[in-house]
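In what follows, a single structure is set out as structure tokens and then discussed.
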Amino acid sequence: MHDQNFFEKVWWVAGQIPYGRVTSYGAIASFLSAGSAARMVGWAMNASHTSRIQIPAHRVVNRSGMLTGKHHFGHPDLMQQLLENEGISVVNDRIVDFKRLFWNPADHLVFPF
DNA sequence: TGATTGACCAACT
DNA sequence: CAGTTGGCCAATC
């Protein structure tokens with residue numbers, strides 16, 4: 001069915017983020033469609049727990065590399081722990097060397113519809 | 001049906 | 001540099 005929900009599109013992109021890399025809400029939004037609202041990506045992450053597949057929501061942060069969604073994980077520091085498990089350093093709720101670890105969907109993906 | 005709300009962002013002051 | 005503003009648009013009330 002070519003009429004997938006917005007959430008499912010976001011979840012698909014989020015699922016493509018490689019281990020040890022991160023991206024931003026806005027990057028996903030602009031990849032899905034240039035005018036799409038980054039806020040909606042946040043909504044999709046908020047609802048990502050309802051997906052049947054597991055979504056690496058911890059690999060999605062805001063444009064400055066800050067863990068703005070940390071409070072939506074079970075424990076306030078769970079998001080940081082998940083990132084550190086992948087070798088990503090987090091200091092003061094911000095990803096260290098975010099610019100280098102940033103993974104832009106538009107540079108690696110071709111939206112399949 | 002209309003108003004409000006966001007895990008956001010860019011532009012502006 | 002910090003703070004404000006408008007835009008974005010699906011979900012929720």
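Values in this document were obtained by computation on a predicted structure and should not be read as measured data. In what follows, chains carry the letters A, B, and so on, assigned in the order in which the sequence lines appear, proteins first and then strands, with residues in each chain numbered from 1.
Relative orientation of the A:Phe7 and A:Trp11 rings is tilted, given thresholds of 30° and 60° on the angle between their planes. Taking the six-membered ring where tryptophan is involved, the planes of A:Phe73 and A:His58 are perpendicular, since the angle between them exceeds 60° and thus also 30°.
As judged by a 4.0 angstrom heavy-atom cut-off over every strand, A:Ala47 is placed among residues making no nucleic acid contact. Nucleic acid contact class of A:Asn46 (heavy atoms, under 4.0 Å, all strands): base.
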Worked verdict on A:Phe6 versus A:Leu32 for side chain to side chain contact (heavy atoms under 4.5 Å, CB included): CA-CA 9 Å; A:Phe6 180 84; A:Leu32 289 177; 4.2 Å; yes
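Between the CZ atom of A:Arg63 and the P atom of B:dA7 there is a distance of 16 Å, given to the nearest Å. A:Leu32 has its CG atom 13 Å from the C1' atom of C:dA10, to the nearest Å. In this entry the distance linking CD1 of A:Ile17 with P of B:dA7 reads 18 Å, nearest Å. Put simply, NE2 on A:His49 is 14 Å from P on C:dA11, counting in whole angstrom units. Note: CZ (A:Phe6) to P (B:dA7) measures 15 Å, nearest angstrom. Following rounding to the nearest Å, A:Tyr25 (OH) and B:dA10 (P) show an atom-to-atom distance of 14 Å. One atom, CD of A:Glu8, and another, P of C:dA10, lie 15 Å apart when rounded to the nearest Å.
Partner A:Val61 forms a side chain to side chain contact (heavy atoms under 4.5 Å, CB included) with one of A:Lys70, A:Met79, A:Arg94 and no other, that one being A:Met79.
The A:Ser24 side chain lies nearest to B:dC9 when the options are B:dC9, B:dA7, C:dA11. For A:Ala37, taking side-chain heavy atoms from C-beta onward, the closest of the listed nucleotides C:dA10, C:dC8, B:dC9 is C:dC8. Considering only the side chain of A:Thr68, B:dA7 comes nearest among B:dA7, B:dC9, C:dA10.
Across residues 70-83 of chain A, A:His72, A:Phe73 each have a non-hydrogen atom less than 4.0 Å from an atom of DNA chain B (numbered order).
Residues A:Ala14 and A:Ile55 share a closest heavy-atom pair of CB-CG2, 3.8 Å. The minimum heavy-atom distance between A:Tyr19 and A:Asn85, with the atom names listed, is OH-O, 3.1 Å.
Counting only residues at least two apart or on different chains, the salt bridge (charged side-chain N to carboxylate O under 4.0 Å, His left out) pairs with a member in residues 42-60 of chain A are A:Arg59-A:Glu86.
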